[in-house]
Amino acid sequence: MNTELIISSLQNAKVKNLVALQQKSSERRKQGLFVVEGVRELIHCAHAGYEIENLFCCRDILDKNPEAWKLDSLIGQTTIYEVTQAVYEKMAYRGSTEGMMAEVKVKNRTLADLDLPESPLIVVLESVEKPGNLGAVLRSADASKADAVIVCNPLTDLFNPNLIRSSIGAIFTVPTVACSSQACMNFLKERNIKILTAQLQDSAPYYDSDMRGGTAIVMGTESTGLTDAWRKAADAHIRIPMLGQLDSLNVSVSAAILMFEAVRQRSFK
């Protein structure tokens, strides 16, 4: 991995630009770039066909991580910059680092881009605000081999650094689309995909619903739940029985339970 230039100044324009991309969604939209930090995440990113524009490496840290050199065959003609440890620590979003981060070109996937199998398993999240929750859902979607995650009326962009970090790269391994709730409903109805909304009211235990065919599990925020439009569009309302004094789980925990119920049912299909 041959570097083009060594950056040692905290005031370097490229350092400032990467920090701006980390911190501001407006900069990510304006430049069409986002930041990926960490060796594992960058490997997933490259395998998913994203174009890495600029790669920044800190050799003092990278020398301790043999996995880093797997990127050699994946990054093509990417410009590589070596940075000092002080510069890297200024650029890094995470508290613990692996010595590598990159500016990557945004790919805006749409519903039309989803290549779904005959009986897909889809997770739909409406207005989920916390990027950490969305990242955790994506990890479970990868683990359960869900075919897509659709984020409706998003309150955070899909290239938020905390989302990428918390997903540990699952944002690249699971087809993920952002769109309006209405566009998503139309998409699911046109393809005869069963809509199961997770809600407390007027619902049955999740394990009593058939998830073996094409299924979309739809979840809202922990504070307000789903909008009425989704409740009305649903083919069935499902709930996770709560045996204690609280009435809800974290959305990422709930999503994992429901996805793996679909996995369980499909294994006996």
Donor-acceptor contact present, side-chain [X] to main-chain [Y], <3.5 Å:
X    : Y    : result
D113 : T110 : yes
S254 : S252 : no
R139 : I168 : no
D235 : I195 : yes
H237 : T197 : no
K107 : A48  : yes
R191 : F187 : yes
N54  : E103 : no
Q265 : S209 : yes
K189 : A233 : yes

Measure the spacing between [atom1] of [X] and [atom2] of [Y] and express it to the nearest 0.5 Å.
X    : Y    : atom1 : atom2 : value
F172 : D142 : CZ    : CG    : 12.5 Å
I7   : N12  : CD1   : CG    : 4.0 Å
E126 : T221 : CD    : OG1   : 8.0 Å
L163 : D157 : CG    : CG    : 8.0 Å
K14  : S9   : NZ    : OG    : 13.5 Å
S267 : R212 : OG    : CZ    : 11.0 Å

Report yes or no: do [X] and [Y] belong to one cluster of Ile/Leu/Val/Met/Phe/Trp/Tyr joined by side chain heavy-atom distances under 4.5 Å?
X    : Y    : value
L33  : V15  : yes
V137 : L188 : no
I164 : V174 : yes
W230 : L134 : no
I217 : Y207 : yes

For F56 and Y81, take the angle between the two ring planes, folded into 0 to 90°, and tell me which bin it lands in: parallel under 30, tilted 30 to 60, perpendicular over 60.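 Because their plane-to-plane angle is under 30°, the rings of F56 and Y81 count as parallel.
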K105 charged N/C atom sitting above Y50 aromatic ring, 6.0 Å / 45°: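 Judged by the rule (NZ or CZ under 6.0 Å from the ring centre, within 45° of its axis), K105 is not positioned above Y50.
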For residues [X] and [Y], report the shortest heavy-atom separation together with the two atoms involved.
X    : Y    : result
L226 : A198 : CD1-O, 3.9 Å
L116 : A148 : CD2-CB, 4.3 Å
V124 : A216 : CG2-CB, 4.3 Å
S140 : M259 : CB-CE, 3.6 Å
L138 : I171 : CD1-CD1, 3.7 Å
V104 : C45  : CG1-SG, 3.8 Å

Using the side chain to side chain contact (heavy atoms under 4.5 Å, CB included) rule, take M101 and M91 through it: C-alpha gap first, then chi angles, then the decisive distance, then the call. CA-CA 9 Å; M101 64 176 66; M91 299 164 70; 3.8 Å; yes
For a 4.5 angstrom cut-off between non-hydrogen side-chain atoms, does [X] reach [Y]?
X    : Y    : result
K130 : N250 : no
H44  : R40  : yes
M211 : E261 : yes
I238 : P205 : no
C184 : S181 : no
V83  : I6   : no
L21  : F34  : no
V35  : P161 : no

For a quick check under 3.5 Å, do E190 and N186 share a side-chain donor-acceptor pair by atom type?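 Short answer, no.
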Any Lys/Arg nitrogen of E82 or R59 sitting under 4.0 Å from an Asp/Glu carboxylate oxygen of the other?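 Yes, this pair counts.
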Salt-bridge contact D228-R231 (side-chain N to carboxylate O under 4.0 Å):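 Looking at D228 and R231, the cut-off is met.
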For side chain to side chain contact (heavy atoms under 4.5 Å, CB included), just list the numbers for N162 and R165, CA-CA rounded to whole Å, side-chain angles, deciding distance to a tenth of an Å, and then say yes or no. CA-CA 5 Å; N162 190 40; R165 180 196 64 79; 2.9 Å; yes
With L114, which of I122, D147, I150, T176 fulfils side chain to side chain contact (heavy atoms under 4.5 Å, CB included)?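 Single side chain to side chain contact (heavy atoms under 4.5 Å, CB included) partner of L114 among I122, D147, I150, T176: I150.
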Within a reach of under 6.0 Å around CG of D208, are more than 12 heavy atoms found that belong to other residues, nucleotides or ligands?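 Yes, CG of D208 has more than 12 neighbouring heavy atoms, counting only those of other groups under 6.0 Å.
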Is it true that, when you exclude K24 itself, more than 12 heavy atoms of the residues, nucleotides or ligands shown sit nearer than 6.0 Å to its NZ?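 No, the 6.0 Å shell around NZ holds no more than 12 heavy atoms from other groups.
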Please report the C-alpha distance between C152 and L125 in whole Å, then the side-chain angles of each, then the deciding distance to 0.1 Å, and finally whether the side chain to side chain contact (heavy atoms under 4.5 Å, CB included) criterion is met. CA-CA 6 Å; C152 297; L125 301 173; over 6 Å; no
Checking side-chain hydrogen bond (donor to acceptor under 3.5 Å, both in side chains) against Q31, which of R28, R29, E27 comes through?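 Running side-chain hydrogen bond (donor to acceptor under 3.5 Å, both in side chains) over R28, R29, E27 with Q31 returns exactly one hit, E27.
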Test side chain to side chain contact (heavy atoms under 4.5 Å, CB included) on I80 and C57; report intermediate values, then the result. CA-CA 7 Å; I80 304 171; C57 304; 4.0 Å; yes
